[in-house]
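Here is the structure we will look at, set down as structure tokens.
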Amino acid sequence: MLQQTRVGAVLEHYRRFLRRFPTVQKLAAARESSILAAWSGLGYYRRARMMHAAAKVIVKEQAGRFPASAEQLSALPGIGRYTAAAIASIAFDEPTAVVDGNVKRVLRRLVADNLSDELLWETAQELLTQARPGDFNQAMMELGATICLPRQPRCSVCPVYEQCDSRGSLPKPKTLGRQNKRMIHYALDCHNGSVFLVRRPKDASLMPGMWELPEIPGANGVSPWLTLRHSITVTDYQVAVSQVSASDQSDGKWISKGRLARLPLTGLARKILRAAKLI
DNA sequence: TAAGCGTGGTA
DNA sequence: TTACCAAGCTT
């Protein structure tokens, strides 16, 4: 859950997720839609699918025993170099350094050089406190998250200021492309305690198989019931929601209010249904 | 190597 | 308001 996602955004989902899937066996046996429903709103849904796949490998091929080394962990789906090192060092005391976005920034400032990825990993490994690798790794990430901030580093309270070659300066990050903007209209078709929802195609690149409100053509002259902003990857959406019938023109399903929570909704659909006090 | 993948917080 | 960016991974 923490891959590219802040701790604050994860906490509530994490607790709910562990209540729902308390063991790797339960997770492995679950249906994908149940897992996606618990993940709904967190984004990067591929992470959930891959964690499901990893749970199945652990249960079926390794008798439910977790791999305990970074090398073995990185063989699991969805576990790359960072996550393997994080689990191995924090959970199993393996002396392996992590490099995440925070550590990259800290190290590049510390040595005042735009180190390549490979050099960053080597440097982190050299600095690692062998006796307490998990604590060291978490301290490095925490330093980046709380003091060595991207925009305004708090050098005056930094514990390694004396050893820092740059004292806070950092090569200007290259600016990314501007976000696309788009207007999109949805129908909120709701009666008898049910909402009409549609399912995204299984082969969609974005959020495949997840449920959302039916999209409708806009500009019918009627002002929408609700407007909001929502950004998905590289697109900023201006969203308009109208309470109109859509069940005749869209291939979807009526979902009763009580079942909404168990459905893998997109984050945007969840936001709209919450605004409508349906969940 | 670089693009694609979600969403929310922050300045 | 806009733009950046977060405990990255896969293809």
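Order of the sequence lines fixes the chain letters, A, B, ..., with proteins taken first and strands second; residue numbering starts at 1 for each chain. Atom set for the values below is all heavy atoms of this structure, side chains included, hydrogens, waters and symmetry mates excluded.
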What is the separation between atom [atom1] on [X] and atom [atom2] on [N], rounded to the nearest whole Å?
{"X": "A:D100", "N": "C:dC5", "atom1": "CG", "atom2": "P", "answer": "14 Å"}
{"X": "A:R229", "N": "B:dT7", "atom1": "CZ", "atom2": "P", "answer": "17 Å"}
{"X": "A:D236", "N": "C:dA3", "atom1": "CG", "atom2": "P", "answer": "8 Å"}
{"X": "A:H13", "N": "C:dA7", "atom1": "NE2", "atom2": "P", "answer": "17 Å"}
{"X": "A:R6", "N": "B:dT10", "atom1": "CZ", "atom2": "P", "answer": "8 Å"}
{"X": "A:Q138", "N": "C:dA7", "atom1": "CD", "atom2": "P", "answer": "12 Å"}
{"X": "A:L206", "N": "B:dG4", "atom1": "CG", "atom2": "C1'", "answer": "9 Å"}
{"X": "A:R105", "N": "C:dA6", "atom1": "CZ", "atom2": "P", "answer": "5 Å"}

Q: Report yes or no: is the cationic atom of A:R229 (NZ for Lys, CZ for Arg) under 6.0 Å from the centre of the six-membered ring of A:Y237, at an angle within 45° of the ring normal?
A: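 No, A:R229 does not sit over the ring of A:Y237.
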
Q: Tell me whether the OP1 or OP2 atom of C:dG8 has a side-chain N or O from A:Q4 closer than 4.0 Å.
A: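 Yes.
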
(Q) Looking at A:S205, I'd like to know whether one of its side-chain N or O atoms comes within less than 4.0 Å of OP1 or OP2 on B:dC5. (A)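 So the side-chain polar atoms of A:S205 do come within 4.0 Å of the phosphate oxygens OP1 or OP2 of B:dC5, strictly under.
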
Q.
For A:K104 versus A:D117, what's the shortest heavy-atom pair and its separation?
A.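 Answer, listing the atom of A:K104 first, then A:D117: NZ-OD1, 3.5 Å.
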
Under 4.0 angstrom, heavy atoms only, what part of the nucleic acid is [X] near: base, sugar-phosphate, or nothing?
{"X": "A:K104", "answer": "nothing"}
{"X": "A:M1", "answer": "nothing"}
{"X": "A:N137", "answer": "nothing"}

Q | Within residues 31-59 of chain A: residues closer than 4.0 Å to DNA chain B (heavy atoms) | A |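 Contacts with DNA chain B under 4.0 Å: A:G41, A:L42, A:G43, A:Y44, A:Y45, A:R46.
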
Q) Want to settle it: does A:M141 or A:G78 sit nearer the 5' end of DNA chain C, counting the closest nucleotide to each? A)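 Nearest-nucleotide comparison on DNA chain C picks A:M141.
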
Q) Hey, which of these two, A:L76 or A:V7, hits DNA chain C nearer its 5' end, going by closest nucleotide? A)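 Closest to the 5' end, via its nearest nucleotide, is A:V7.
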
Q) Is the number of heavy atoms from other residues, nucleotides or ligands within 6.0 Å of CD (A:Q130) greater than 12? A)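 Above 12, so yes.
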
Q. Considering only heavy atoms from C-beta outward, does the side chain of A:R154 approach that of A:L149 to under 4.5 Å?
A.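 Sidechains of A:L149 and A:R154: in contact.
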
**Q.** Note, A:L128 side chain near A:P95 side chain (heavy atom, < 4.5 Å)
**A.**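 Contact flag for A:L128/A:P95 side chains = yes.
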
(Q) Whether the side chain of A:T266 and the base of B:dG6 hold a donor-acceptor pair under 3.5 Å is what I'd like checked. (A)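 No.
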
Q. Between A:R47 (side chain) and A:L42 (backbone), is there a donor-acceptor pair under 3.5 Å?
A.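 Side chain of A:R47 to backbone of A:L42: a pair is present.
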
Q: Keeping the roles fixed (side chain from A:R105, backbone from A:G144), state whether a donor-acceptor pair exists under 3.5 Å.
A: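 Checked: pair present.
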
Q. Between A:E118 and A:R81, does at least one N-O distance fall below 4.0 Å, as a salt bridge requires?
A.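 Salt bridge present between A:E118 and A:R81.
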
Q. Which comes earlier along DNA chain B counting from the 5' end, the contact point of A:L265 or that of A:Q152, where each point is its nearest nucleotide?
A.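 Final value for this comparison: A:L265.
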
By nearest atom, which of the nucleotides [options] is closest to the [X] side chain?
{"X": "A:P150", "options": "C:dC5, B:dT7, C:dC9", "value": "C:dC5"}
{"X": "A:T83", "options": "C:dC9, C:dA7, B:dC5", "value": "C:dC9"}
{"X": "A:R151", "options": "B:dC5, C:dA7, C:dC4", "value": "C:dC4"}

Q: Quote, to the nearest angstrom, the P distance that separates B:dC5 from C:dA7.
A: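 Roughly 22 Å separates the two P atoms.
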
Q: Sticking with atom P, work out how far B:dG6 lies from C:dA3, rounded to a whole angstrom.
A: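 Going atom to atom, P in each nucleotide, I get 22 Å.
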
